[in-house]
Structure formats: structure tokens, C-alpha cells
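Predicted model, so just to flag it, every value in this text is computed and none were measured.
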Amino acid sequence: MTTTTKRASIAFGISMLLTAGAIAFFDFSPAIAQEKPELRIAAIIAVTGPASALGAPERNGVELFDKTWSNREDLPFKIKVISYDDGSDPTKSVSLTRKAIEEDKVHVVVCCTTTPSSMAIVDTVSAAKVTMISMASSAMIIEPASARPFTFKTPTSDRLMLQRTLDYMKRQGIKKIGFFGLEDAYGEGGLKELQIVTKDIGMELAATERFARQDTNFTPQALRLKQAGLDAVYVHAIPPSANLSHEALKRVGYTGPIYHGGGSSINAFVDIGKANVEGAIVGVGAMNVYDQIKKDNPLGPVLAKFAALYDGVYGKGKVDLFAGQSWDAMMLAVNAYQSAAAAGAKADDLAATRIAIKDAMERTNEWPGVNGVFNITPTDHLGLDKRSTFLSQIKGGKFVLIEE
């Protein structure tokens, strides 16, 4: 068996991992349990602050992983999860990342919930040569891979989601659109990708309006968008901003279709918006519509098992995309650690093991996660393709798959 992870023989694919005893490990375990090497993962998440709507399910995903894996005795190594709350503050993200690397001696940092925080720690993890797996969507976190060799992420890219969304818009006869998004790094990344995709597809980006995460009044921007004569508005934000901007458009009398990016593909968007967001078209991951995708979709069994595991702990119907993104990050860390060990990494050499984990991440091949099938390479630190994107419409308070 090669050190490259193949789907046919994967030891840590979720479909295998959820069944005790179904795992085939490389033989690198010591003779007695006390001598088992320890994989240490720091999870730094926005449990509080403006991004807590995303951080809450991400925290649940990490806690679920911790409960499922940290106490298992059948593994050839131990797993230690160290969790921190960065309060949605990039400055705190940096200080916690340094603490995790220097004091906790972690092998992998799973961080962060948001693009601004993820961007803030890139230099820190690069200097320490520690693999970082982000749960934020912007491509700038990982691109170019040559300049960000230790950063990876699990959410699908804005570009992939926008290609799916604008292809659908074009089929609906939409030609002239407006952008309504955050003015931080997440919003900037979304606008940049939208400019590229609209040009490629032959659509017109006719208006651009921005807002800060802490803003509560979106009326002036919504009025300008209404007056621009648009065929559709695309919102690139996260709750509650995504909800407030959507509601402002409707309040000023805009009657055209409102599309949302992946930042709105979370239960909180529906829970906060209720009837106000009915009809919104949202780019989502497979987790949002796992029970609606075609039966022959290869992600079906993976998603169903994760949903059952999550719902069994947090309640039926609670699972969402962001929980899956943190779960995938933790699982990819474990998968890479195992692959690094199989390639000869020495557990007692922290610096060398950290680098070996990064190299192993870049060998991830056809790895079936919650967010899609990952094929990570030295030049692509995401590794997802169009299989990771879907479109939905909010109907009856649910994400309903749009058949294309």
C-alpha cells in the first residue's frame, strides 16, 4: 500500500471511521499503550463574537470529533484536542495560534472560522512550519500555495460556488447583477471572484455595495441597488449581516431574486430570517441537502452517517455545513498524521512530524469528506471540485435542493 491515500483503501475516510473496528492501520504503534505517540490538534474557533453563528456548529463538530476519537484505545496513537475561542477577533486568533504552537506543542492548527482571522495567522503558521486547516471560504487563504505552503482549508471555494450560481442565473435569463457584501477580507474575496466569474460568463456586474459586520442599517445601500435596474442581487455575507441585508432589500421594495453565497448556508440564516428569507436562493454544500441529493451520489453514504452521528448528539435536523467543515478539518489532520507516520515520520521529532504532516496533506487523494471529495496537491491546498457545490431555495424554513 502506498503512502498516498486512495479511496479504495482509505483508513480514515468518514464512511469507515464511523464504524469501530473497520479501520486498517499501518503498524507503527509501540508495544505498550503508555508509549503511544500523541497527535495534538488545536481548534481555534469563533464561539463568541460576530461570527458565532458559524462558530457554534463548528465547535459542535470539533466536540463531536473529540468525543468520538480522543478516548479510543484501538488506535496506534492518542489524539488530544485543545480548543480555544478567538471571539471572532483576528488579533486574538494570532495570540492563541502562537500559544498552541509554542506552549501546547500542537502538530496541527484548525483555524479559523472567518477569512480575516485565517489570513491573520498565515505568517505565524508558515514561520513555525505548522499545518493550518481553515474553515473559512476565501481562496486568498491558500493561494498561491507556493506562498502559503502550510495553509489548507475545507470549505469549497467562492469561485466554484459562484460558477454554479451564475451558471444557474444565466439559464434564468439574468444578465445584470449587483453585489451586496461585507467590506472585510471575506467580502473582498467574494467580490474579486464575482468580478472574474461574471466576466467569464458574459454577465454584467452593474452595482457594488458594501457594509461592515457590525452595521445594522442597510437601507441606503439597498435603495441604491434597487435603483440600479438589476436583474438579481448577490449577497456575500454571514448571519446576521446576510439576513439584515436581505431584509433591507425587500423593505425598500426590491422585488427581484436575491442570491446568497456559502456564508448563508447555515441553519442560523433560516432561524434568524424566518419568513423574511423565504425564496432566497443560496449556494450550499452537500451537507445542507444531504437527504435530497441523488441516491447514486458518492457522497450520500458519507453524509448520511455524519448526519446520524451529529443528530444523535445535538438533536435531529441540527446538522449543517459548518459543522461538517470543522469535522473535515479534524479528520484530514488525523488522516495526514497517519500517512506521515506510514512514510517514516518519527513521533518524537516534533518539527519533522509537523513538516511530514504538511507533505502528507498534499498527498490526499479521492478522500471522501462531508464537504466533498478532496484531492489536495502541492499546488491546490483545497482539492475540491464541482461535486462540492449545490444550489438551494429557502422553502418552508428549509434548504430545498434546486434540481439542475
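Proximity of Ile44 to Ile121: side-chain heavy atoms (C-beta onward) are nowhere separated by under 4.5 Å. You'll find the side chain of Thr154 reaches within 4.5 Å of the side chain of Phe374, heavy atoms only. Proximity of Leu64 to Phe306: side-chain heavy atoms (C-beta onward) are separated by under 4.5 Å at one or more points. Under the 4.5 Å side-chain criterion, counting only non-hydrogen atoms from C-beta, Gln338 is not in contact with Leu39. Side chains of Trp367 and Asp328 form a contact here, defined as non-hydrogen atoms less than 4.5 Å apart. The shortest side-chain heavy-atom distance between Trp327 and Leu309 falls under the 4.5 Å cut-off. Counting only heavy atoms from C-beta outward, the side chains of Ser265 and Val282 approach each other to under 4.5 Å. Between Ile79 and Asp66 the shortest side-chain heavy-atom distance does not fall below 4.5 Å.
Atoms OH and CD1, from Tyr259 and Ile281 in turn, are 3.5 Å apart once rounded to the nearest 0.5 Å. Interatomic distance, Asn243 CG to His246 NE2, rounded to the nearest 0.5 Å: 8.5 Å. We find the CD1-CG distance between Ile266 and Asp271 to be 9.0 Å, quoted to the nearest 0.5 Å. Atom CZ of Phe269 is separated from atom NZ of Lys274 by 12.5 Å, given to the nearest 0.5 angstrom. Atom CG in Leu96 sits 11.5 Å away from atom CD1 in Ile82 (nearest 0.5 Å). The line from CD1 of Ile201 to NZ of Lys170 is 5.5 Å long, rounded to the nearest 0.5 Å.
With a 6.0 Å radius and a threshold of 12 heavy atoms from other residues, nucleotides or ligands, Lys250 has its NZ atom above the threshold. For CD of Glu73, the number of neighbouring non-hydrogen atoms (other residues, nucleotides, ligands) closer than 6.0 Å is 12 at most.
Closest non-hydrogen pair, Asn217 versus Pro220, comes out as OD1-CD, 3.8 Å. Closest approach of Thr353 to His107, counting heavy atoms only: CG2-CD2, 3.7 Å. Between Asp158 and Gly189 the shortest heavy-atom distance is OD2-C, 4.2 Å. Residue Val400 comes nearest to Lys395 through the heavy atom pair CG2-CB, 3.7 Å, listed as atom of the first residue, atom of the second, then distance. Listed here is the closest heavy atom pair of Ala242 and His260: O-CE1, 3.5 Å. The two atoms that bring Lys92 and Ser95 nearest to each other are O-OG, 2.9 Å, heavy atoms only.
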Discussion item. Show, in sequence, the C-alpha distance, side-chain angles and deciding distance for Asp104 and Tyr84, and conclude whether the side-chain contact (heavy atoms from CB on, under 4.5 Å) test is met.
Written reply: CA-CA 12 Å; Asp104 300 323; Tyr84 293 113; 2.6 Å; yes
Worksheet item: Where do Leu194 and Leu166 land on the side-chain contact (heavy atoms from CB on, under 4.5 Å) test, with the steps shown first?
Response: CA-CA 9 Å; Leu194 183 63; Leu166 267 65; 4.0 Å; yes
Practice prompt. Kindly determine whether Lys192 and Glu188 satisfy salt bridge (charged side-chain N to carboxylate O under 4.0 Å, His left out), including the steps that lead there.
Written response: CA-CA 6 Å; Lys192 180 181 177 182; Glu188 188 63 31; over 6 Å; no
Item to complete: For the pair Val94 and Arg98, evaluate side-chain contact (heavy atoms from CB on, under 4.5 Å) and give the outcome as yes or no after the intermediate values.
Response: CA-CA 6 Å; Val94 173; Arg98 287 176 178 157; 3.7 Å; yes
Fill in: Stepwise side-chain hydrogen bond (donor to acceptor under 3.5 Å, both in side chains) test for His381 and Glu143
CA-CA 8 Å; His381 280 190; Glu143 293 179 358; over 6 Å; no
Practice prompt. Under the side-chain contact (heavy atoms from CB on, under 4.5 Å) rule, what do Leu244 and Glu247 come out as? Steps first, then yes or no, please.
Written response: CA-CA 5 Å; Leu244 293 170; Glu247 291 163 15; 4.3 Å; yes
Worksheet item: Run the side-chain hydrogen bond (donor to acceptor under 3.5 Å, both in side chains) check on Asp85 and Thr48 step by step: do they pass?
Response: CA-CA 7 Å; Asp85 172 18; Thr48 59; 2.7 Å; yes
Worksheet item: Please walk me through it: do Asp385 and Arg387 pass salt bridge (charged side-chain N to carboxylate O under 4.0 Å, His left out)?
Response: CA-CA 5 Å; Asp385 54 32; Arg387 291 175 289 181; 2.8 Å; yes
Item to complete: Begin with the C-alpha distance, continue with both residues' side-chain angles, and end with the deciding distance and a verdict on ring pair (Phe, Tyr, Trp, His ring centres under 6.0 Å) for His236 and Tyr186.
Response: CA-CA 8 Å; His236 195 81; Tyr186 173 64; 4.2 Å; yes
Practice prompt. Verify salt bridge (charged side-chain N to carboxylate O under 4.0 Å, His left out) between Arg72 and Asp74, making sure each step is shown before the conclusion.
Written response: CA-CA 6 Å; Arg72 288 188 51 169; Asp74 60 328; 2.5 Å; yes
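Not one N or O on the side chain of Asn297 forms a donor-acceptor pair closer than 3.5 Å with the backbone of Lys294. With hydrogens and angles disregarded, a donor-acceptor distance shorter than 3.5 Å links the side chain of Gln292 to the backbone of Phe399. Panel note: side chain Arg148, backbone Met140; a donor-acceptor pair is recorded below 3.5 Å. Of the possible polar contacts, none joining the Ser70 side chain to the Lys67 backbone as a donor-acceptor pair under 3.5 Å is found. Without hydrogens or angle criteria, Lys153 side chain to Ser137 main chain gives a donor-acceptor distance under 3.5 Å. Lys129 places no side-chain N or O within donor-acceptor distance of the main-chain N or O of Lys358, the cut-off being under 3.5 Å. Panel note: side chain Arg354, backbone Val106; a donor-acceptor pair is recorded below 3.5 Å. Put simply, the side chain of Ser93 never gets that close to the backbone of Ser117: no donor and acceptor are under 3.5 Å apart. Looking only at distances, no side-chain donor or acceptor of Glu366 sits under 3.5 Å from a matching main-chain atom of Asn375. Side-chain atoms of Tyr314 come within 3.5 Å of backbone atoms of Asn60 as a donor-acceptor pair (strictly under, hydrogens ignored).
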Could you tabulate the donor-acceptor pairs under 3.5 Å formed by side-chain atoms of residues 50-57, not counting sequence neighbours?
residue : atom : partner : partner atom : Å
Ser52   : OG   : Gly49   : O            : 3.0

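At a threshold of 4.0 Å, the pair Glu204-Lys176 does not count as salt-bridged, since none of the basic side-chain nitrogens sits closer than that to a carboxylate oxygen.
Ring pair Phe180/Phe218 is perpendicular by interplanar angle, where above 60° counts as perpendicular and below 30° as parallel.
Side-chain atoms of Ser138 and Thr115 include no donor-acceptor pair closer than 3.5 Å.
Every residue two or more places apart in sequence or in another chain that forms a side-chain hydrogen bond (donor to acceptor under 3.5 Å, both in side chains) with Glu209 is listed here: Arg224.
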